[in-house]
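Written below as C-alpha cells is the structure these notes are about.
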Protein chains: 2
Amino acid sequence: MLSEAHLTEGMRSVFVELLVHGPLSRAEAARRLDLSPSAVTKLTKPLLQDGYLLQQPVGDRNAMGRPSQPLAVDPARAALIGVKLTEDELFAVRTDLRAEIQRELRRPLISHDVDDVVACVGEAVRDLTGSGKPPAAVGISLAGTASGGDPVVPTSPFLGWRNVPLGGLVAAATGIPAVVVENDVRALTAAQQWFGAGVGHSSFALVTVGAGLGCGLVIGDRLVRGAGRGTGLVGHMSIHDSGPLCEMGHRGCARAYVSSAAIRRAVATTLDRPDLTFEACLALAAEGQPAARRILEEAGEALGQVVATVANITGVQLVILSGEAVAMYDVCAGAFDAALAAHTHWTSTPIDVVVKPFTFSEWARGAAVIALQHRILGR
Amino acid sequence: MLSEAHLTEGMRSVFVELLVHGPLSRAEAARRLDLSPSAVTKLTKPLLQDGYLLQQPVGDRNAMGRPSQPLAVDPARAALIGVKLTEDELFAVRTDLRAEIQRELRRPLISHDVDDVVACVGEAVRDLTGSGKPPAAVGISLAGTASGGDPVVPTSPFLGWRNVPLGGLVAAATGIPAVVVENDVRALTAAQQWFGAGVGHSSFALVTVGAGLGCGLVIGDRLVRGAGRGTGLVGHMSIHDSGPLCEMGHRGCARAYVSSAAIRRAVATTLDRPDLTFEACLALAAEGQPAARRILEEAGEALGQVVATVANITGVQLVILSGEAVAMYDVCAGAFDAALAAHTHWTSTPIDVVVKPFTFSEWARGAAVIALQHRILGR
DNA sequence: CCGGGTTTGTTGATGATGTCAAGGAATGAA
DNA sequence: TTCATTCCTTGACATCATCAACAAACCCGG
C-alpha cells in the first residue's frame with residue numbers, strides 16, 4: 001500500500017498536507033503549498049483514482065464564487081501498527097492513516113531475550129491484523145538510542161540490548177517489510193507534530209514526565225534526530241545542587257524532583273506511608289496535605305525550569321507536556337508557571353504550554369505515526 | 001551582483017557547494033549533490049561565463065582516468081560588508097565572497113540615537129567601499145532579538161531600541177538595497193557553518209563566552225532562528241543555587257561564573273586588586289595563584305555544564321567555543337572537560353569541542369556571512 | 001609506441017513536472 | 001438575467017534533470 005503507486009515528490013507534499021491539515025479544497029492546498037491550482041488538480045488526480053483521497057461533501061457556503069470541493073485522505077485506505085516496548089510489557093495499537101486507534105492490546109514481556117521479544121511483537125502484530133489487510137508499516141518505539149530509518153537498536157539500557165537488528169527480525173517474523181524503530185519520545189513528538197497540538201507549528205518541543213523526563217524537538221518542520229548522540233536528555237539537568245544524588249553522581253537532577261517515582265518516594269517516605277501510589281500522592285497534594293503539596297510544588301518548579309531551559313536554547317514558542325505522570329501538572333500549575341516565567345528571558349514572548357492528557361496507548365500510537373511518516377516521507 | 005544573473009535553484013546549490021567546500025571537480029560536486037554529472041556541467045556553464053566560477057589549475061595526479069578540472073568560486077567576484085554594533089563602538093569589515101577580511105575599521109558610537117547610528121554605519125560602509133565596487137550586501141549584527149530577513153530590530157536592550165527599521169534606514173543612507181540585520185551570535189554561527197569548524201557538520205552548536213554567554217544552533221544544515229522567541233539564551237541557566245543573584249533574581253546563573261566581567265570581578269575582589277584586567281586574571285590563574293585558579297575552575301565547570309546541557313537537548317555532536325573571553329578555556333580545560341563528561345549521558349558518543357581563537361572582527365565577519373547567505377539563499 | 005582500462009566532461013534526446021493562459025462550472029449579488 | 005467571484009480543469013509551453021552516447025585525458029602493461 002501507499003507506495004506501490006509511485007508517489008512523486010509533489011504528490012507526497014499534497015498528500016501530507018491533506019493528511020495533516022484535514023479536508024482542504026484544491027485551491028486552499030495550492031495556496032498553502034505555494035503551487036498553482038492546476039498543479040494540485042494534476043497531482044491529486046491519480047491519488048483520487050487510487051482511492052487515497054476522497055471528495056468530501058461540500059461544507060458551509062458563506063463565501064462568494066463556486067463552492068470549493070474539499071479533498072481528504074481516506075483514513076481507511078491503509079492501516080498502521082505501532083508497538084511500544086517497556087521493561088516488562090508491550091503495548092500495541094492498530095490505527096488508520098490519521099493515527100486514530102482502532103484496536104489496542106497490552107501483553108507482558110516474558111523475558112528480555114531478543115527472540116522472545118520478537119516473537120511477542122510478531123504475535124501482537126498478527127492479533128491486531130486479524131483477518132483484515134496487513135498494515136502498511138509497523139513502528140516500534142522504545143526508550144534508548146534507536147533512531148528512525150535505522151532498523152538496528154544501538155543500545156537499550158532497560159532491555160540490556162546492544163546493536164540488535166530489531167526491525168529486520170520483526171520484518172522476518174511478520175512478513176511485513178516496512179518495520180521502523182524509533183526512540184519513544186521522538187515517536188510521541190511525531191504524533192503531536194502531525195495529529196496533535198503541534199499541527200501548524202513549524203517548531204515546538206514536547207516534554208514527557210513519567211518514569212523519567214524526556215524531550216522531543218521539532219525545528220523547522222523536521223523532527224530533530226541528533227547526529228550520533230541522542231536528543232532530549234533533560235533528565236539530568238541540574239536544578240538544585242543541594243538535592244539528592246542520582247546514579248550519575250549529580251546533585252539535584254531534574255529527574256530527582258519530577259519523575260513519578262521520585263514524587264511517590266518523596267511523599268511516601270516523608271509521610272511514612274510506603275503503600276502510597278503516585279496517584280494517591282497527587283490526591284494528597286490536591287487536598288492540601290502540606291508535605292505532599294510542597295513536594296509537588298518543588299516538582300512543578302523543576303519542570304518549569306526544564307521547560308524554560310529547553311525553550312531558551314531552542315527558541316521554540318510551544319511546549320507540549322505529556323507522559324504518564326503529566327497529571328502532576330494540575331496539582332502544581334502555579335509553581336510551574338512561576339518557575340517558567342522566572343527562567344524565561346524578558347525580551348521573549350511568553351511560551352505557550354499545552355498539557356496533553358495521557359493514556360499509555362499514546363506511546364504505541366506514536367510508534368504508528370513514526371511508521372506512517374517513514375512510509376510516506378521515506379525517512 | 002550575484003543575483004542579476006537569475007540564479008536558479010540548481011545553480012544556487014552548486015554555487016554554495018563550491019563556495020563552502022572549496023574547489024571541487026564537476027564529478028565530485030555531482031556526487032555530493034546527488035546530481036548527474038551532466039547536470040553539473042550545464043549548471044556551471046553560465047556561472048563560469050559570468051565569472052562567478054573559475055577553472056582551477058589541475059592539482060595532484062595520483063588517480064586513474066582523465067584528470068578532474070576543479071572549479072572554485074572567484075572570491076573577488078563580489079564583496080560583502082559586515083558591521084557589528086556594540087553599546088559604544090562599531091566594528092566593520094569588508095570581505096570577499098569567502099568571507100576573508102580585506103579591510104576593517106572600528107569607530108566609537110557617539111550616541112544611541114537611531115539617526116546617529118545609521119549615519120555612523122553609512123560612513124563606515126562608504127569608507128570600506130572606497131573607490132572600489134559597492135558591496136553585494138551589507139550585514140549588521142547586534143545583540144538582541146533581531147532575526148534574519150526582517151530588517152526591523154524588534155528590541156535591542158543595550159541600545160534602548162524598539163522596532164527600529166535599521167535595515168531600511170541603512171539601505172537608504174548607503175544606496176545599497178540589500179541590508180540584512182541579524183542577532184550577533186547567530187551571525188557568528190553562520191560564519192562557522194560555511195567557513196569555520198562547522199563545515200561538513202549538518203548539526204552543531206556554537207557557544208560564545210564574552211560579556212555574556214550565547215549559543216547558536218545549526219540543525220539539519222539550517223541555522224535555527226526560533227519562532228518569535230530568541231534562541232541560545234543560555235546565560236541564565238542555573239548552575240548553583242548557592243551562587244550570587246543575577247538581575248533576574250536567579251541564584252548561580254551561568255553568566256555569574258563564566259562571563260569575562262564575572263571572572264574579572266571575582267578575582268579582583270578576592271585578591272583586593274580592583275585594577276586587574278580580565279587577561280591579567282587569566283595569567284594569574286595560569287601561574288597557579290590559588291584563588292584565581294579556583295575561580296577559573298568554577299568557570300570551566302559552569303561552561304562545561306552549559307555545553308553539556310545544550311548538547312543533551314539538541315543532540316549536536318560538535319560544539320564550537322568562541323567569543324572574546326574564550327581564552328579562559330586554556331586555563332580551565334581540565335575542569336571544563338570533567339564537567340562536560342559528568343553531565344553527558346553515557347549512552348551517547350563524546351562531544352567534540354573545538355575552541356576557536358577569537359578576534360573582535362569575527363563579530364563583523366559573521367555579519368558579512370549573514371549578508372552573503374541572505375543574498376544567495378534568499379533567507 | 002600503442003591499445004585497453006578508467007575516470008571526467010560534454011552533448012542532444014527524452015521525460016517529468018510545474019506554470020501560464022484560457023475557459024468552463026457553480027455559486028451569490030444586483 | 002447578468003455580472004462578479006471563486007474554483008477547477010485543460011492544453012500549450014518552459015524548465016530542468018536524467019540518460020545514453022561519446023569525446024577527452026590520463027595510467028598502465030605489453
Side-chain angles (χ1 to χ4, degrees), chain A residues 3-18 21-50 52-73 376-378, chain B residues 3 5-18 21-50 52-73 377-378:
Chain A
S3 66
E4 61 200 17
H6 185 58
L7 282 185
T8 144
E9 191 58 42
M11 288 164 70
R12 250 199 296 273
S13 61
V14 173
F15 185 79
V16 170
E17 194 70 19
L18 290 171
H21 294 99
L24 294 176
S25 70
R26 293 172 176 81
E28 178 63 19
R31 280 189 293 267
R32 284 169 167 271
L33 294 169
D34 212 22
L35 287 173
S36 65
S38 55
V40 176
T41 295
K42 287 169 185 164
L43 290 171
T44 51
K45 186 172 290 179
L47 291 171
L48 278 161
Q49 278 179 349
D50 293 354
Y52 290 113
L53 300 182
L54 296 177
Q55 295 270 8
Q56 294 291 103
V58 55
D60 51 334
R61 288 276 323 137
N62 47 8
M64 299 259 301
R66 171 176 174 175
S68 60
Q69 301 169 24
L71 298 179
V73 171
I376 296 180
L377 304 178
Chain B
S3 66
H6 186 57
L7 282 184
T8 147
E9 190 59 42
M11 287 163 71
R12 249 199 296 273
S13 61
V14 172
F15 186 79
V16 170
E17 194 70 21
L18 289 172
H21 297 283
L24 294 175
S25 69
R26 292 172 176 82
E28 178 64 17
R31 280 188 293 266
R32 282 169 168 271
L33 295 169
D34 213 21
L35 287 173
S36 65
S38 55
V40 175
T41 295
K42 287 168 186 167
L43 290 170
T44 52
K45 186 172 290 178
L47 292 171
L48 277 161
Q49 278 178 349
D50 292 355
Y52 289 114
L53 300 183
L54 296 177
Q55 295 270 8
Q56 294 290 104
V58 56
D60 51 333
R61 289 278 323 139
N62 48 7
M64 299 260 299
R66 173 176 172 173
S68 59
Q69 301 169 26
L71 296 179
V73 171
L377 303 177

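Here is the naming used below: chain letters follow the sequence lines, and residue numbers restart at 1 for every chain.
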Quick one: B:Leu33 CG to D:dC16 P, roughly how many Å, whole number? 16 Å
Could you measure the distance from the CD atom of B:Gln56 to the CG atom of B:Leu71? Nearest 0.5 Å is fine. 8.0 Å
Kindly write out the residues that satisfy salt bridge (charged side-chain N to carboxylate O under 4.0 Å, His left out) with A:Arg12, not counting sequence neighbours, or none if the list is empty. A:Glu9
Please report, rounded to the nearest Å, how far the P atom of C:dG18 is from the CD atom of A:Glu9. 9 Å
Hey, could you give me the CD/OG1 distance between A:Gln49 and A:Thr44, rounded to the nearest 0.5 Å? 10.0 Å
Nearest whole angstrom, please: distance from the P of C:dT17 to the CG of A:Leu43. 9 Å
What distance do B:Leu7 atom CG and B:Asp50 atom CG have between them, rounded to the nearest 0.5 Å? 9.0 Å
Between C1' of D:dA17 and CZ of B:Arg12, the distance in whole Å: 17 Å
Please encode protein proximity along nucleotides 5-15 of chain D as a string of B, S and -, counting only heavy-atom distances under 4.0 Å. BBBSBBBB---
Working to the nearest 0.5 Å, report the span between NZ of A:Lys42 and CG of A:Leu35. 11.5 Å
Hey, what do you get for CZ (A:Phe15) to CG (A:Leu53), rounding to the nearest 0.5 Å? 6.5 Å
Rounding to 0.5 Å, atoms NE2 (B:His21) and CZ (B:Arg32) come to a distance of 5.0 Å
Minimum heavy-atom separation for A:Pro57 and A:Pro70, please, with both atom names. O-CG, 4.2 Å
The helix from C:dC1-D:dG30 to C:dA30-D:dT1: angle between terminal helix axes, five bp per end, to the nearest 10 degrees, reads 0°
Rounded to whole Å, CG of B:Leu48 lies from P of C:dG9 at a distance of 11 Å
